[in-house]
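Report on the following structure.
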Protein chains: 2
Amino acid sequence: MTSPVVSSRDLPHPAREEIRLESVLHALSDPMRLRIVRELAAVGDELSCSRFDLPVTKSTTTHHFRVLREAGVIRQIYRGTAKMNGLRRDDLDGLFPGLLDALLDAAARQAARVGV
Amino acid sequence: MTSPVVSSRDLPHPAREEIRLESVLHALSDPMRLRIVRELAAVGDELSCSRFDLPVTKSTTTHHFRVLREAGVIRQIYRGTAKMNGLRRDDLDGLFPGLLDALLDAAARQAARVGV
DNA sequence: CGACTCGTACGATAGGCATCGTAGTACGGG
DNA sequence: CCCGTACTACGATGCCTATCGTACGAGTCG
């Protein structure tokens, strides 16, 4: 059978059962990463890394996306030269029902309170 | 009027409006501190530090309680030689409705899944 | 007072991590 | 085939932090 590889480069993701709450919380405890996740949730679709306008260098951006991926918060796949990022909403909702929405709501409330 | 000081030693707590989501998530991203908060929520009352049987020294325990207090997750007051710890549920619920319950539920689910 | 318990303070240590810069790899288009 | 774009890898740096041990302070009880 022909190989089902979509892209030649694959990225390691934790399986749903391997996702740890502590790692998710740690990933979201960084302002830059929380911002990324909020933006992903707002768009509701996959976004390439370059679509984010973060006040850090590309190296640092790569680092943050890797932390989010290894924590199981986002899924990353290569599509051409772009690296698409999507929230693992189904996995997170399956493991921790209501948590992601509560977190996003909390972040939105704080943003509204403190000022974007 | 006579001074309303209950105990001679007072501890610094962030006001409700000063509590930051990132700090709360960071505080709860440590297994030891998540365990403390889960126990506090389960009991539903104040507990002295010594009521917790944690696999770390007393110095480290003190450190974890301080992180939780400075993040605004718990409130600590001295009562005699004991230092009582209580969840700041009203403040957290006021700032981030549903978040604490979602977090506690998520922690309980993971504990049930992985094994206490 | 004196002993004991509870918790703190301080220093040390080892590891983690957010950030950067530079050099490099993968892919797509002319 | 060469170039540009997108992202990575690696090393450095400075800061934060989880942990410990020891020495100390504050209360309580005999």
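Values below: every heavy atom of this structure, side chains too, minus hydrogens, waters and symmetry copies.
Distance, B:Leu28 CG to D:dA18 P: 12 Å, rounded to whole Å. When rounded to the nearest whole Å, the span between CG of A:Leu11 and P of D:dA6 equals 18 Å. Atom CZ of A:Arg66 is separated from atom P of C:dG16 by 14 Å (rounded to the nearest Å). Rounded to whole angstrom, the span from the NE2 atom of A:His26 across to the C1' atom of C:dA18 amounts to 10 Å. In this structure, A:Arg33 places its CZ atom 12 Å from C1' of C:dT19, rounding to the nearest Å. Taking atom CZ of B:Phe65 as the reference point, atom C1' of D:dT19 lies 16 Å away to the nearest angstrom. In this structure, A:Met32 atom CE and C:dC17 atom P are separated by 16 Å, rounded to whole Å. Taking atom CG of residue A:Leu54 and atom P of nucleotide C:dC20, one finds them 11 Å apart after rounding to whole Å.
A:Val67 belongs to no hydrophobic cluster, as no Ile, Leu, Val, Met, Phe, Trp or Tyr side chain comes under 4.5 Å of its own.
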Can you give me the N/O atom pairs linking the protein to nucleotides 5-7 of chain C at distances under 3.5 Å, or say none if there are none?
| unit_1 | atom_1 | unit_2 | atom_2 | d |
| --- | --- | --- | --- | --- |
| C:dG7 | OP1 | B:Cys49 | N | 3.2 |
| C:dG7 | OP1 | B:Lys83 | N | 3.3 |
| C:dG7 | OP2 | B:Ser50 | N | 2.9 |
| C:dG7 | OP2 | B:Ser50 | OG | 3.4 |
| C:dG7 | N7 | B:Lys58 | NZ | 2.8 |

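Inspection of the A:Thr62 and A:Ser59 side chains reveals no N or O donor paired with an N or O acceptor under 3.5 Å.
Residues that satisfy the side-chain hydrogen bond (donor to acceptor under 3.5 Å, both in side chains) test with B:Asp93, not counting sequence neighbours, are absent from this structure.
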Please set out all donor-acceptor pairs under 3.5 angstrom arising from side-chain atoms of residues 25-34 of chain B, sequence neighbours excluded.
| unit_1 | atom_1 | unit_2 | atom_2 | d |
| --- | --- | --- | --- | --- |
| B:Ser29 | OG | B:His26 | O | 2.8 |
| B:Asp30 | OD1 | B:Met32 | N | 2.9 |
| B:Asp30 | OD1 | B:Arg33 | N | 3.3 |
| B:Arg33 | NE | B:Ala27 | O | 2.8 |
| B:Arg33 | NH1 | B:His64 | ND1 | 3.1 |

With a cut-off of 3.5 Å and sequence neighbours excluded, list every side-chain donor-acceptor pair involving residues 15-22 of chain B.
| unit_1 | atom_1 | unit_2 | atom_2 | d |
| --- | --- | --- | --- | --- |
| B:Arg16 | NE | B:Asp91 | OD1 | 2.7 |
| B:Arg16 | NH2 | B:Asp91 | OD1 | 3.2 |
| B:Glu18 | OE1 | B:Ala15 | N | 2.9 |
| B:Glu22 | OE1 | A:Gln110 | NE2 | 2.9 |

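Listed by first then second residue, pairs satisfying salt bridge (Lys or Arg N to Asp or Glu O under 4.0 Å) with a partner in residues 42-65 of chain A read A:Glu46-A:Arg79, not counting sequence neighbours.
B:His63 comes within contact range of at least one nucleobase, with a heavy-atom separation under 4.0 Å.
Dashed line: the shortest gap from a side-chain N or O of B:Thr57 to OP1 or OP2 of D:dC20 is under 4.0 Å.
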